[in-house]
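Below: one structure, written as C-alpha cells.
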Amino acid sequence: MHQMKNFFLLFLFITASVIAKSQVSDSGYSSNTAPKKEWSKLDLSTRANDHFLIQYGVDAWPNVPDSINTSGFSRHFNMYIMLDKPFETSPHFSLGIGIGVGTSNIFFSNTYVNLKSNTPTLPFTNVTSENHFDKFKLATGFIEVPLELRYATNPVQPDKGFKIALGVKGGFLVGAHTKGKNLVDSSGRSIYDKTYIEKEAQKKFINSTRFALTGRIGYGHISIDASYQVSNFLKPGVGPVIHPIAIGLTLSGL
C-alpha cells in the first residue's frame with residue numbers, strides 16, 4: 001500500500017510538470033501578461049478523445065499472507081465506453097465518464113481456493129503434497145463506472161499529443177469462479193489428461209462492490225495505466241485484507 005501511494009505521488013508530480021510546461025508552451029510566455037487564447041473559436045465537436053478504452057495488463061495482491069501463493073501470470077482485461085466533456089474555458093481539460101466491464105484473473109501456485117466452502121472464512125489451502133491443479137486461477141468480473149479528469153496537450157486532436165488522466169472507478173460484482181486445469185499428483189504426474197478442467201462458481205466470499213483509484217499517461221492512442229483498489233477484495237471477516245493493484249496498457253480512440 002505504501003509503495004502504491006508513492007507511485008501515485010510520483011504520478012501527480014509528473015502530471016503537474018506536464019501541465020505546467022504545456023501552459024507555458026501554449027502562450028509562448030510564462031508570465032501573467034501572456035496573450036489569452038480564444039478557446040470559443042476551437043471546434044471540438046469531432047475530436048477523438050478516448051471515447052473507447054481497452055485495457056490489458058498484470059494484477060497483483062501485495063502484502064498478503066504467505067499462505068496465499070499467487071503466481072506471476074495474473075492479469076486483467078477491461079473495456080469501457082466513455083463520454084468526454086471538455087471544459088469550456090480550458091479545453092485542455094475534460095471530464096470523462098462511462099460504463100463497461102472489468103475482469104481480473106489471479107493465478108495461484110500449489111494453492112487451492114475453495115469458493116464453495118461452508119466455513120465462515122475463505123480457505124487458501126497449500127496443496128503441494130497432495131493432488132492439485134497444475135494451473136489454477138480465481139476470476140472475477142465487474143460492471144464498472146469510471147470517472148476521469150483528463151488533460152491533453154493538444155485539445156483539438158488529443159490523439160496526436162500527450163494525455164494524462166486521473167480518476168476513480170466503482171464496480172459491482174457480476175461473477176466469480178475458480179478454474180483448475182490439469183489435475184496432477186504430488187509428483188506432478190497428470191491424473192487424467194492435460195486438458196482436464198474443473199470450474200467452481202460462487203460469489204459469497206467476494207466483496208460485491210469495489211472502488212479504485214486510477215491513472216493513465218501516454219501519447220496518442222496508447223497509454224500506461226495503473227489502479228489501486230481502495231476497498232477490500234473480500235467481504236469483511238472472511239479472509240485477509242487484500243487491496244489489488246494493476247498496471248497495464250490502454251488502447252483508446254474514437
Side-chain angles (χ1 to χ4, degrees), residues 1-15 50 53-80 82 96 98 100-109 111 113 115 122 124 135-150 163-179 203 205-218 222-236 238-252:
M1 182 174 178
H2 179 70
Q3 292 178 340
M4 203 61 189
K5 287 182 178 178
N6 289 339
F7 171 81
F8 274 102
L9 287 175
L10 177 61
F11 199 99
L12 288 171
F13 174 76
I14 295 173
T15 301
D50 296 357
L53 303 181
I54 295 177
Q55 298 178 331
Y56 183 79
V58 296
D59 287 8
W61 286 1
N63 304 319
V64 294
D66 293 338
S67 58
I68 302 179
N69 189 16
T70 59
S71 72
F73 298 104
S74 301
R75 53 186 179 266
H76 65 266
F77 177 80
N78 308 324
M79 185 167 57
Y80 308 110
M82 308 281 288
V101 294
T103 66
S104 176
N105 293 274
I106 302 296
F107 285 78
F108 298 87
S109 176
T111 301
V113 184
L115 288 182
L122 176 62
F124 292 86
K135 294 182 179 180
F136 188 84
K137 70 176 183 179
L138 170 59
T140 51
F142 290 81
I143 295 294
E144 295 189 314
V145 176
L147 177 67
E148 292 183 329
L149 176 62
R150 298 167 168 177
K163 296 183 290 188
I164 295 172
L166 295 174
V168 297
K169 63 179 179 180
F172 179 77
L173 181 67
V174 293
H177 71 269
T178 57
K179 179 180 178 181
K203 299 188 293 183
F205 291 108
I206 313 300
N207 201 335
S208 60
T209 59
R210 72 173 176 180
F211 179 79
L213 304 177
T214 65
R216 294 190 295 121
I217 183 169
I222 304 294
S223 56
I224 298 173
D225 63 79
S227 70
Y228 170 74
Q229 185 170 320
V230 178
S231 58
N232 190 15
F233 176 77
L234 299 176
K235 290 181 178 179
V238 306
V241 175
I242 302 172
H243 295 286
I245 61 175
I247 299 175
L249 292 177
T250 297
L251 176 63
S252 60

Output, in order, the C-alpha distance, side-chain angles, deciding distance and verdict of side-chain contact (heavy atoms from CB on, under 4.5 Å) for H76 and D225. CA-CA 12 Å; H76 65 266; D225 63 79; 4.1 Å; yes
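- Here the closest heavy-atom approach between residue M79 and residue I54 is recorded as CG-CG1, 4.2 Å.
- Residues F205 and V113 fail the side-chain proximity criterion, which asks for heavy atoms closer than 4.5 Å.
- Remark: the backbone N or O of T140 is not paired with any side-chain donor or acceptor of S104 at under 3.5 angstrom.
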Please report the C-alpha distance between F136 and T178 in whole Å, then the side-chain angles of each, then the deciding distance to 0.1 Å, and finally whether the side-chain contact (heavy atoms from CB on, under 4.5 Å) criterion is met. CA-CA 7 Å; F136 188 84; T178 57; 3.6 Å; yes
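- Atom-to-atom distance recorded for I245:CD1 and Q229:CD is 11.5 Å, nearest 0.5 angstrom.
- Of the candidates N232, L122, I68, N63, I68 is the only one forming a side-chain contact (heavy atoms from CB on, under 4.5 Å) with P240.
- From T70, atom OG1 reaches atom CD1 of I106 across 7.0 Å, with rounding to the nearest 0.5 Å.
- To the nearest 0.5 Å, atom OG of residue S74 and atom NZ of residue K137 are 10.0 Å apart.
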Going through the distances and angles, do F142 and T209 end up as a side-chain contact (heavy atoms from CB on, under 4.5 Å)? CA-CA 8 Å; F142 290 81; T209 59; over 6 Å; no
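- Within the 3.5 Å criterion, the main-chain N or O of F211 finds a donor-acceptor partner in the side chain of S231.
- Below 30°, between 30° and 60°, or above 60°: for F108 and F124 the angle between ring planes is between 30° and 60°, a tilted geometry.
- Taking every heavy atom of both residues into account, T214 and S227 meet most closely at CG2-CB, 4.1 Å.
- Of all heavy-atom pairs spanning H243 and V230, the tightest one is CE1-O, 2.8 Å.
- Counting all heavy atoms, side chain and backbone alike, G141 lies closest to L173 at O-CD1, 3.5 Å.
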For M82 and S252: C-alpha separation, side-chain torsions, deciding distance, then whether side-chain contact (heavy atoms from CB on, under 4.5 Å) applies. CA-CA 10 Å; M82 308 281 288; S252 60; over 6 Å; no
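- Residues D50 and R216 approach most closely at OD2-NH2, 3.0 Å, considering heavy atoms.
- From L166, atom CG reaches atom CD of E148 across 8.5 Å, with rounding to the nearest 0.5 Å.
- Looking at V145 and Y80, their side chains never come closer than 4.5 Å, going by heavy atoms from C-beta outward.
- Rounding to the nearest 0.5 Å gives a distance of 8.0 Å between CD1 of I206 and CD1 of I242.
- Atoms CD1 and CG, on I224 and L249 in that order, are 6.5 Å from each other to the nearest 0.5 Å.
- In this structure, R210 and F233 have side chains that are not in contact, with every pair of non-hydrogen atoms separated by 4.5 Å or more.
- At a threshold of 4.5 Å between non-hydrogen side-chain atoms, the residues I222 and L251 count as touching.
- In this pair, F107 and F73 present their aromatic rings perpendicular. The plane angle is above 60°, beyond the 30 to 60° band.
- Proximity of N78 to L53: side-chain heavy atoms (C-beta onward) are nowhere separated by under 4.5 Å.
- Minimum heavy-atom separation, V101 to E144: C-OE1, 4.4 Å.
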